[in-house]
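Proteins get letters first, then strands, A, B, ... in listed order; numbering begins at 1 in each.
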Amino acid sequence: MLKEENSNSEPYKPSDVEKKWQDIWKKEDIYKTSDSVESKKNWYALSMFPYPSGDLHIGHWFAFAPADAHARFKRLEGYNVMHPQGFDAFGLPAENAAIKRNINPKKWTFDNIQNMQKQFDMMGNSYDWSRKLVTCTPDYYKWNQKFFIEMYKNKLAYRKNGPVWWDPVDQTTLANEQVVDGKSERSGAEVIKKMMPQWYFKITDYAEELLNMDDLEWPEKIKQMQKNWIGKSEGGTIDFQIEGSSEKISTFTTRIDTLFGVTFLVLAPEHPAIKKLNLEKNDDVKNYILNSQKLSEIDRTSTVREKTGVKTDIYCINPINQEKIPVFIGDYVLASYGTGAVMGVPAHDQRDFIFAKKYNLQIRLVISPDGSHNIELNNAYTDNGTLVNSGDFDGMNNTEAKINIANLIENKNVGKKTITYHIRDWLISRQRYWGTPIPMFYDENDEIIPVDEEFLPVVLPDVKEFMPTGQSPLTLDENFLYFDHPKFGRLRRETDTMDTFMDSSWYHLRFTSPGELDSPFDRQKVNNWSPVDQYMGGAEHAVMHLLYARFFNKVLRDLGYLNFDEPYKRLFNQGVMLARHMKISKRNNPLNPEPLVKQYGADSVRAYLMFLGPWDRGGDWSDSGINGVYRWLHRIWDLANFKYKEKDLDKEESKNLIQISNITTKNVLHDMNNFKYNTTIASLMEYTNFLSKIRSNGRVSKSDWIDALKRLLIHLSPICPHISEELWEKLGHKNSVHLQQNPTYTENLIEKSSFTLIIQVNGKLRDQVEMQKNTNIEEIKSYLNQSEKLKKYISGKEIIKEIYIENKLINLVVR
RNA sequence: GCGGAUGUGGUGAAAUGGUAGACACGCAUGCCUUAGGAGCAUGUGCCGCAAGGCGUGGGGGUUCGACUCCCUUCAUCCGCACCA
């Protein structure tokens with residue numbers, strides 16, 4: 001290498017460079033964001049804030065470094081960018097550390113936060129730490145409590161005794177969203193059903209609005225997952241009179257058109273009619289119900305399990321044709337969905353079909369594919385068709401029949417059109433310590449009294465005993481437990497704490513005015529910054545955090561806090577970075593970036609993570625290629641330190657340089673805007689390679705050379721903030737590279753005067769030649785005629801067709 | 001079972017229906033050395049000495065031309081899962 005020309009340049013030592021600039025950025029506070037800047041638009045770039053588990057692992061780097069590059073890029077585009085960071089600091093690990101190692105959860109959490117903040121800075125991220133928030137501070141969770149009370153007063157928070165999911169390992173209840181495949185999303189333990197009084201948020205009130213995601217620029221996958229989770233289905237409820245009783249059984253169906261085909265009813269084992277009508281006096285029924293209670297939820301909801309049931313002593317009357325039909329109890333019917341009872345239409349529902357076969361029940365065809373009345377069915381026929389065996393409706397197509405039969409039963413007052421949703425209300429209470437205390441009192445009659453606003457926050461007391469007992473540890477704290485209320489006297493406090501998803505449902509709002517003491521946020525500022533322009537984080541939050549946050553936004557809007565409908569306008573999901581084919585996590589599979597940072601520097605680690613592949617793909621971690629980006633940064637270092645000397649100025653070379661510069665910028669701007677960091681870096685590498693090639697020739701003017709370096713460094717700066725800043729300074733700039741604007745490109749400087757003509761024979765490449773643009777076809781043909789390469793493919797053959805795409809290719813079709 | 005995504009060299013990966021494999025890793029050969037991040041040069045999809053042929057999971061199709069569009073099938077991953 002040309003070291004002699006590269007006089008007095010220091011070798012690239014990432015650790016020195018990175019430390020130097022991290023200190024300067026901190027001192028000069030260059031990432032501090034004003035609420036507004038004259039002539040700049042605001043851009044709110046937000047990463048899902050982390051749980052303070054102690055150390056940032058490679059998975060964190062993969063989530064946060066590219067997100068930071070996005071924020072930095074938006075600054076270069078001229079936006080006033082807010083890129084805040086905080087800590088989702090309530091939650092079980094702190095408590096478990098307390099139990100296992102006898103460490104105070106608060107201390108554990110804050111030590112971790114301190115450590116992680118330091119590590120974030122070592123990553124070189126451009127966070128405005130003046131906006132930092134920590135959800136376990138009373139300043140923050142006071143507002144959880146305030147919102148909770150307002151929701152209670154508006155009937156959006158309520159307490160109800162009912163069946164709940166219980167995690168036997170973490171010893172707490174869970175929300176539906178936190179149960180995956182019958183297991184706790186957090187602990188992995190198989191959950192069980194318990195009856196307990198718990199607090200809920202009425203997310204079901206917003207089910208319909210939450211379905212509307214038309215204006216969200218989110219990955220379709222996430223939208224689909226939310227839609228599936230909300231699970232809207234339109235149909236009708238139909239009341240079946242019980243024979244010899246005044247009671248009715250309501251069933252929900254989406255196939256009201258099959259009403260004439262009902263040959264039995266099935267009730268969930270928990271259906272209230274069972275107790276009411278004392279059906280358990282029949283021993284078979286009694287035993288069946290007992291058995292179904294013994295089954296775990298996983299078994300009970302397994303789709304491969306055989307459908308079982310037991311016949312009861314009662315019959316119902318089908319309101320449309322007055323037929324008498326038997327009533328069964330079957331544990332494949334879920335009490336929690338619809339009405340907890342289904343009408344059995346074996347001819348047109350596969351589950352009912354199997355059930356009917358097993359119990360020898362009548363299978364009556366009412367929707368016919370071809371209008372014929374008697375078809376031997378081997379399976380349920382679930383497609384559309386013509387009604388048969390359906391009285392006055394015979395001959396009608398079933399879509400039409402749906403409407404007509406629904407109208408008929410509404411008119412006869414034996415049922416109505418209904419919409420059912422899969423989503424359940426959000427169970428918010430947890431029987432654990434490290435969370436926001438639910439701000440409610442109970443009087444001696446167990447009547448609920450919300451904590452008065454003047455007594456907020458209800459501060460989480462320091463306790464000594466955290467062992468999970470199934471009851472909140474707060475129950476053990478007498479001082480906490482009782483409160484002498486000036487008006488109501490001695491009251492007992494609610495001791496459950498809130499689900500930590502409460503904290504993350506509105507933290508993005510708090511970032512806009514984190515210092516507010518008298519309100520959760522400054523309304524003008526929050527409306528000014530919101531919604532978040534670009535939200536970035538993992539897809540694992542699709543139906544938890546992301547759904548809750550949308551719900552919460554709508555609640556706060558309806559309570560008058562906000563004037564917009566959605567919290568996160570754009571969402572990008574990074575892929576999952578695996579290590580040894582397993583998800584990286586502090587608990588199970590840590591992967592420490594520190595040795596890499598030490599050896600190669602944070603810039604190389606950042607660039608490597610972004611170069612690996614598309615950000616939304618993820619993949620299995622391997623550091624085998626990190627040397628490549630490291631070498632690249634060295635080449636850039638050498639380039640910028642190179643003492644450039646003009647020698648034989650050459651117009652063509654200048655033109656080339658300008659063209660390549662413009663192409664590079666065009667690619668970079670496009671790819672950065674689409675989170676395609678890998679191809680951005682590839683373009684910058686090509687640019688670097690080109691500059692390396694021409695640097696000794698001295699054929700371009702010094703000012704063109706310097707311009708090219710500046711362009712390179714600005715483009716590099718979002719990805720590798722430290723080395724670009726250092727070299728920017730070495731080029732003699734006093735202002736930070738991170739306060740610059742993106743270079744521009746001009747389309748007509750990109751255009752070449754020549755092009756490579758692709759010559760194909762029968763669609764296969766056989767020759768190519770450099771041509772001036774817009775060369776006329778005669779000239780091209782004369783080339784074709786004398787081309788040696790083509791001869792053997794066309795001589796003696798008939799050219800039956802020529803496809804000519806100007807300035808691109810010619811394809812000769814020969815026979 | 002349903003829904004979605006993905007499938008390209010030894011590896012990570014690129015490619016508005018128009019040169020498949022950009023950019024890197026790795027490897028090979030050579031040069032140079034102030035042993036550093038070494039650097040530089042050349043080569044590197046597969047088969048073949050070559051000419052040439054074959055190549056984007058498999059099979060069909062549309063097209064002058066398909067990684068790209070359509071059908072079908074397989075594999076992997078991710079969601080959901082008795083939703084009535």
When rounded to the nearest Å, what value does the distance between P atoms of B/G58 and B/C74 take? 15 Å

If you measure from the C1' atom in B/U62 to the same atom in B/G17, how many Å do you get, rounded? 12 Å

Using Watson-Crick geometry (N1-N3 plus N6-O4 or O6-N4) or G-U wobble (N1-O2, O6-N3), each under 3.5 Å, B/U19 is paired with none

Using the C1' atom as the point on both nucleotides, what is the distance between B/G10 and B/C27, in whole Å? 9 Å

What's A/Leu334 touching, base or sugar-phosphate or nothing? Going by heavy atoms closer than 4.0 Å. base

- Using only side-chain N and O atoms of A/Lys676, determine if any of them is under 4.0 Å from OP1 or OP2 of B/A15. yes

When rounded to whole Å, the CD to C1' distance for the pair A/Gln226 and B/C80 reads 14 Å

Taking a pair to mean Watson-Crick or G-U wobble geometry with both distances below 3.5 Å, B/U62 pairs with none

Which of B/C64, B/A15, B/A84 is nearest the side chain of A/Thr679? It is B/A15

Indicate, with a heavy-atom threshold strictly under 4.0 Å, whether A/Asn689 touches base, sugar-phosphate, or nothing.
-> sugar-phosphate

A/Arg766 atom CZ is separated from B/C64 atom P, nearest whole Å, by 19 Å

- prompt: Would one find a side-chain N or O of A/Tyr12 under 4.0 angstrom from OP1 or OP2 of B/G37?
  reply: no

Which of B/C83, B/A14, B/G53 is nearest the side chain of A/Arg617? It is B/A14

- Describe the nucleic acid contact of A/Val543 in one word from base, sugar-phosphate, nothing, applying a heavy-atom distance below 4.0 Å. nothing

TODO: Tell me whether the OP1 or OP2 atom of B/C64 has a side-chain N or O from A/Lys801 closer than 4.0 Å.
DONE: yes

Margin query: Below the 4.0 Å mark, does B/C83 have OP1 or OP2 next to a side-chain nitrogen or oxygen of A/Thr254?
Written below: no

Considering only heavy side-chain atoms of A/Arg351, the closest of B/G65, B/C83, B/G37 is B/C83

Rounded to whole Å, the CD1-C1' distance (A/Ile419 to B/A84) equals 16 Å

Looking only at B/G79, B/G37, B/C23, the nucleotide nearest the A/Met225 side chain is B/G79

#### Entry: A/Leu716 vs A/Trp632, side-chain contact (heavy atoms from CB on, under 4.5 Å): CA-CA, chis, key distance, verdict
CA-CA 11 Å; A/Leu716 178 66; A/Trp632 172 52; 3.5 Å; yes

Winner on side-chain proximity to A/Lys764, out of B/C54, B/A84, B/C23, is B/C54

Ranking B/A81, B/A14, B/C23 by distance to the side chain of A/Pro614, first place goes to B/A14

Gap in Å between the two P atoms, one belonging to B/C25 and one to B/G39, rounded: 9 Å

Applying the 3.5 Å cut-off to both distances, the Watson-Crick or G-U partner of B/A51 turns out to be none

If you measure from the C1' atom in B/U56 to the same atom in B/A66, how many Å do you get, rounded? 11 Å

5'-most contact on RNA chain B (nearest-nucleotide basis), A/Gly613 vs A/Leu812, goes to A/Gly613

By nearest-heavy-atom nucleotide on RNA chain B, the more 5' of A/Arg305 and A/His634 is A/His634

One should read off an interatomic distance between A/Lys232 NZ and A/Glu208 CD, to the nearest 0.5 angstrom, of 3.5 Å

Q. Would you say A/Asn678 reaches B/A14's phosphate, i.e. side-chain N/O to OP1/OP2 under 4.0 Å?
A. yes

Only one of A/Phe675, A/Trp218, A/Tyr677 passes ring pair (Phe, Tyr, Trp, His ring centres under 6.0 Å) with A/Phe572, and that residue is A/Phe675

Please write out the pairs of protein N or O atoms and N or O atoms of nucleotides 19-21 of chain B separated by less than 3.5 Å, giving the distance to one decimal.
from: B/U19; atom 1: O2; to: A/Gln768; atom 2: OE1; distance (Å): 3.3

Atom CG of A/Leu267 and atom C1' of B/A84 are separated, to the nearest Å, by 13 Å

**Item:** Between B/U73 and B/U63 - P atom distance, rounded Å
**Value:** 23 Å

Does the cation-pi check pass for A/Lys676 over A/Trp615, that is, NZ or CZ under 6.0 Å from the six-membered ring centre and within 45° of its axis? no

Applying the 3.5 Å cut-off to both distances, the Watson-Crick or G-U partner of B/G30 turns out to be B/C40

Whole-Å distance, A/Tyr608 OH to B/U11 C1', equals 10 Å

Re B/U6: Watson-Crick or G-U wobble partner, both distances kept under 3.5 Å, found to be B/A75

Quick note, A/Asp181 side chain, CB onward, closest among B/A84, B/A81, B/C25 is B/A81

Quick note, A/Asp638 side chain, CB onward, closest among B/C64, B/G37, B/A84 is B/G37

* Asked: Base, sugar-phosphate, or nothing for A/Tyr421, non-hydrogen atoms under 4.0 angstrom?
  -> nothing

Assigned chi class of B/G26 under the 90° convention is anti

Exercise. Taking atom P in both B/C46 and B/G9, what distance in whole Å separates the two?
Worked result: 11 Å

In whole angstroms, the gap separating C1' of B/G79 from NE2 of A/His541 amounts to 15 Å

Taking B/A22, B/G18, B/G37 as options, the one with an atom nearest any side-chain atom of A/Tyr630 is B/G37

Picking from B/C25, B/A24, B/G18, the nucleotide nearest the side-chain atoms of A/Met685 would be B/A24

Are there over 12 heavy-atom neighbours, none belonging to A/Lys773, within less than 6.0 Å of that residue's NZ? yes

* Would you tell me if any nitrogen or oxygen in the side chain of A/Arg635 comes within less than 4.0 Å of OP1 or OP2 on B/A38? => no

B/G18 to B/C83 separation - P atoms, rounded to the nearest Å:
44 Å

Between CG of A/Asn811 and P of B/U63 the distance, given in whole Å, is 15 Å

From CD1 of A/Ile810 across to C1' of B/G65 the rounded distance in Å is 13 Å

Discussion item. Atom NZ of residue position A/Lys583 - does it have more than 12 heavy atoms of other residues, nucleotides or ligands inside 6.0 Å?
Written reply: no

By the Watson-Crick or G-U definition, both distances under 3.5 Å, B/C80 is matched with B/G1

- prompt: At under 4.0 Å between heavy atoms, what does A/Lys221 touch on the DNA or RNA strands: base, sugar-phosphate, or nothing?
  reply: sugar-phosphate

- Could you walk me through whether A/Glu747 and A/Lys666 pass the salt bridge (charged side-chain N to carboxylate O under 4.0 Å, His left out) test, one step at a time? CA-CA 9 Å; A/Glu747 204 61 62; A/Lys666 182 180 178 180; 3.1 Å; yes

Salt-bridge criterion met for A/Arg351 and A/Asp349 (N-O under 4.0 Å):
yes

**Asked** Can a side chain N or O of A/Arg631 be found less than 4.0 Å away from OP1 or OP2 on B/G26?
**Response** yes

Margin query: Looking at A/Arg305 and A/Asp331, is any side-chain nitrogen of the basic one under 4.0 Å from a carboxylate oxygen of the acidic one?
Written below: yes

Partner of A/Ser683 under side-chain contact (heavy atoms from CB on, under 4.5 Å), picked from A/Thr688, A/Asn667, A/Ile663, is A/Asn667

